[in-house]
There are 2 protein chains.
Amino acid sequence: MHQGMKKKFLSLNERAAYHSLEDVVGCKWSAGVVAALAEGVSRPGELERYIPGISKKILNERLRKLLDYRLITRSEIPGRVPHVAYALTGTGRKLARVIGQLKQLDQAHRESR
Amino acid sequence: MHQGMKKKFLSLNERAAYHSLEDVVGCKWSAGVVAALAEGVSRPGELERYIPGISKKILNERLRKLLDYRLITRSEIPGRVPHVAYALTGTGRKLARVIGQLKQLDQAHRESR
DNA sequence: TCAACCGGGCACCATTTTGTACCCGCTTTT
DNA sequence: AAAAGCGGGTACAAAATGGTGCCCGGTTGA
């Protein structure tokens, strides 16, 4: 695109970025999962109980996706019973803060209605 | 919840907030629409051309939803031919900035793969 | 006169996403 | 011994979302 000329359309990079955004934040329950992790809830069973309404299947899918996007890590806790802990990565914490801002926008919106 | 005690689950308010978030940002094409508006694209026809792949139906639905959440305004441009202009509100601009941050997170993620 | 543009609607269909219910192996509790 | 808990998987059904194609009335252009 020539300097000074207005863009004619969203570039492929931008479109890809928004699709990734949709892929991560756009799915139902994603924001809640990230928020729960940000609050220190780290084990699958805990997350399931902490987020009423979420199904085990969807929780697992969200965790897998967040792992794939490197927004969380997964570690196995030693012991006879298989315990696992998920945690936000640095990028994941940034996402959590962004989600917090979105939440505040919603709050402001609510209060103005 | 007693002070000092850990929350047992996401509160109803938080859940509602995340559902609203999903309702606004979570839908396909929403981020792209907000981004386009942030870049000064304001008329429906322009938006449709600016965001390749989006359908007229979905564009209209997104605009309606953004209006409902008071993230954008709609004004009719005087003239024989019905022209309309959408624009981000203050809150809408904040959302656009947040979306920009999410986009940057995605960029960082891409570069680390 | 017809086509294109303006902005917008809607029925129907296709696709995608989410939820349900059941399954697994293991350990611990009842 | 059975049930419950741990973490996780999958087939199928249900629900939700998005896209197509056509429709509208108006103005302008071919």
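Labels below follow one simple rule: chain letters A, B, ... track the order of the sequence lines, proteins then strands, and each chain is numbered from 1. Worth saying up front: this structure is predicted, and the values here are computed from it rather than measured.
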Report task. Apply the test side-chain contact (heavy atoms from CB on, under 4.5 Å) to residues Leu10(A) and Tyr50(B): give CA-CA distance (whole Å), side-chain angles for both, the deciding distance (0.1 Å), then the verdict. Result -> CA-CA 6 Å; Leu10(A) 281 173; Tyr50(B) 190 76; 3.7 Å; yes

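- Among the nucleotides dG19(D), dC6(D), dG25(D), the one closest to any side-chain atom of Lys28(B) is dG19(D).
- The CG-C1' distance, from Leu59(B) to dT20(D), rounds to 16 Å in whole Å.
- Between Arg80(A) and dG5(D), a side-chain N or O to OP1/OP2 separation shorter than 4.0 Å is absent.
- Mapped onto DNA chain C by nearest heavy atom, Cys27(A) and Pro82(A) fall at different nucleotides, with Cys27(A) at the one closer to the 5' end.
- Between the NE2 atom of His19(B) and the C1' atom of dT17(D) there is a distance of 17 Å, rounded to whole Å.
- From Ser30(B), atom OG reaches atom CD of Glu22(B) across 12.0 Å, with rounding to the nearest 0.5 Å.
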Query raised in the report: When you look at Leu47(B) and Leu63(B), which way does the side-chain contact (heavy atoms from CB on, under 4.5 Å) test go after all the steps?
Result: CA-CA 10 Å; Leu47(B) 285 161; Leu63(B) 289 172; 4.2 Å; yes

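- Following rounding to the nearest Å, Lys56(B) (NZ) and dC22(D) (C1') show an atom-to-atom distance of 12 Å.
- Taking atom CD on Glu61(B) and atom C1' on dT17(D), their separation rounds to 8 Å, with Å as the unit.
- At a threshold of 4.5 Å between non-hydrogen side-chain atoms, the residues Tyr69(B) and Ser20(B) count as touching.
- With a 4.5 Å cut-off on side-chain heavy atoms, Ile99(B) and Tyr18(A) count as touching.
- Of the candidate nucleotides dC6(D), dG19(D), dG7(D), dG19(D) has the atom nearest to the side chain of Ile58(B).
- Within the nucleic acid shown, Pro44(A) comes within 4.0 Å of sugar-phosphate atoms alone, with no base atom in reach, counting heavy atoms only.
- Taking 4.0 angstrom as the limit, Trp29(B) places none of its side-chain polar atoms (N or O) nearer than this to OP1 or OP2 of dT17(D).
- Here dG19(D) is the nucleotide among dT27(D), dC6(D), dG19(D) with the atom lying nearest to any side-chain atom of Lys57(B).
- In this structure, Ile77(A) places its CD1 atom 15 Å from C1' of dG5(D), rounding to the nearest Å.
- Atom CD1 of Ile54(B) and atom P of dT17(D) are 16 Å apart (whole Å).
- In this structure, the side chain of Thr89(B) engages the main chain of Leu71(B) through a donor-acceptor pair within 3.5 Å.
- Glu14(B) places a side-chain heavy atom less than 4.5 Å from the side chain of Glu39(A).
- In this structure, Tyr86(A) atom OH and dC6(D) atom P are separated by 14 Å, rounded to whole Å.
- Here chain A contacts DNA chain C (any atom closer than 4.0 Å to a heavy atom, that is under 4.0 Å), and the contacts span dT18(C) to dT28(C) from 5' to 3'.
- Each of Arg62(A) and Glu46(B) was matched to the nucleotide of DNA chain C holding its nearest heavy atom; the match closer to the 5' end belongs to Glu46(B).
- Nucleotide dG18(D) holds its P atom 14 Å from the CG atom of Leu63(B), rounded to whole Å.
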